[in-house]
Protein chains: 2
Amino acid sequence: MNDQAALRCCPAPNEAPDLQPVEGGQADAELAALAKAIAHPARVQIVRILVRKTSCVCGDIVDEMPLAQSTVSQHLKTLKEAGLIRGEIDGPRVCYCIEPRALRRLKALVGGL
Amino acid sequence: MNDQAALRCCPAPNEAPDLQPVEGGQADAELAALAKAIAHPARVQIVRILVRKTSCVCGDIVDEMPLAQSTVSQHLKTLKEAGLIRGEIDGPRVCYCIEPRALRRLKALVGGL
DNA sequence: GTCGTTCATCGTAGATACACGATTGGTTCC
DNA sequence: GGAACCAATCGTGTATCTACGATGAACGAC
């Protein structure tokens with residue numbers, strides 16, 4: 001079973017067309033929050049890992065980074081609270097993946113500068 | 001005299017073609033540093049102000065923001081240290097403006113995610 | 001049930017960030 | 001030489017970030 005566990009958590013295509021303003025006080029706060037989420041090299045690295053691998057994996061993230069497990073977990077929490085990633089419990093392990101909508105939003109806001 | 005002071009500090013066209021990697025440990029650190037620079041609503045607002053007005057003005061920035069002069073100056077310093085803006089002394093006042101190259105770099109790095 | 005695995009959370013310590021008022025430095029004008 | 005203005009810096013207090021080891025909670029395997 002779960003011969004394709006990689007596909008179980010991440011899909012969520014989200015077909016809504018992202019029609020939100022890219023400037024104004026609201027957008028400033030939104031951009032600042034998203035920027036803060038990637039304002040640390042370790043978190044940038046995590047985002048890259050999750051973008052590359054369509055699959056998720058969590059413990060593997062810890063293995064790829066020179067940080068303690070608790071520290072990585074903290075960075076994951078930061079990213080999750082910013083809405084950039086999503087985590088789903090899959091048996092004993094947790095499956096993390098990018099939230100494509102938030103990443104698109106970040107790109108739109110930066111592009112709007 | 002300086003009937004077009006607005007044009008004095010900002011130009012610096014910078015025709016080099018921005019050929020730098022958008023991933024790797026080096027790029028991670030670079031993106032994190034640039035993201036940190038805009039990881040505060042006040043700094044996002046400052047960047048927007050400087051992008052909109054081709055002209056520079058500094059005291060006007062303070063007037064447009066609900067913060068003390070010293071606080072704004074601190075944010076300007078943060079942005080300057082990140083390379084996102086530039087400041088030139090113009091008589092009694094200081095002329096700030098966007099560093100287009102750094103802004104392009106930020107967009108490229110975020111776009112590369 | 002017990003064990004081992006996996007991840008989150010807690011507690012701690014040191015470093016940075018954020019905001020402000022007060023002070024200093026530099027320039028222009030009289 | 002002042003006086004006035006603009007902006008940077010200093011000094012302060014509070015809050016948040018970053019990292020770690022230790023502890024806790026949830027699950028599968030036995």
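Naming: A, B, ... by sequence-line order, numbering from 1 per chain.
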Between [options], spot the one nearest the side chain of [X], thanks.
X: B:H75; options: D:dC20, C:dA19, D:dT18; value: C:dA19
X: A:S70; options: C:dA22, C:dA17, D:dG21; value: D:dG21
X: B:Y96; options: C:dC7, D:dA8, D:dG21; value: D:dA8
X: B:S73; options: C:dA19, C:dA8, D:dA8; value: D:dA8

Which whole-number value in Å describes the distance from [X] [atom1] to [N] [atom2]?
X: B:L76; N: D:dT9; atom1: CG; atom2: C1'; answer: 14 Å
X: A:I46; N: D:dA19; atom1: CD1; atom2: P; answer: 10 Å
X: B:I89; N: C:dT28; atom1: CD1; atom2: C1'; answer: 14 Å
X: A:I85; N: C:dA8; atom1: CD1; atom2: C1'; answer: 13 Å
X: B:M65; N: C:dA19; atom1: CE; atom2: P; answer: 9 Å
X: B:R93; N: D:dC5; atom1: CZ; atom2: P; answer: 12 Å
X: B:E81; N: C:dC18; atom1: CD; atom2: C1'; answer: 15 Å
X: A:E88; N: D:dC27; atom1: CD; atom2: C1'; answer: 16 Å

Which part of the nucleic acid, if any, lies within reach of B:L67 when heavy atoms closer than 4.0 Å are counted: base, sugar-phosphate only, or nothing? sugar-phosphate

Is B:K80 touching bases, backbone alone, or none of the nucleic acid, heavy atoms closer than 4.0 Å? nothing

SB check B:R48 B:E64 (cutoff 4.0 Å): no

Heavy-atom side-chain proximity of A:R93 to A:C58 below 4.5 angstrom: no

For the residue pair B:R86 and B:K80, establish whether any side-chain heavy-atom pair is separated by less than 4.5 Å. no

Starting at the 5' end of DNA chain C and moving along, which residue's nearest nucleotide shows up first, A:V72 or B:H40? A:V72

On DNA chain C, nearest-nucleotide positions of A:P92 versus A:K77: which is more 5'? A:P92

Would the distance check show the side chain of A:R101 and the main-chain N or O of A:G83 forming a donor-acceptor pair, the cut-off being under 3.5 Å? no

Does the side chain of B:K36 get closer than 4.0 angstrom to OP1 or OP2 of C:dA17 through an N or O atom? yes

Assert: residue with more 5' nearest nucleotide on DNA chain D, out of A:G91 and A:A68, is A:A68

Do B:Q74 and C:dA17 share a donor-acceptor pair, side chain to base, under 3.5 Å? no

Please list, one pair per line, the donor and acceptor atoms closer than 3.5 Å that link side chains of residues 106-113 of chain B to other protein atoms, with sequence neighbours excluded.
residue: B:K107; atom: NZ; partner: A:L113; partner atom: O; Å: 3.0

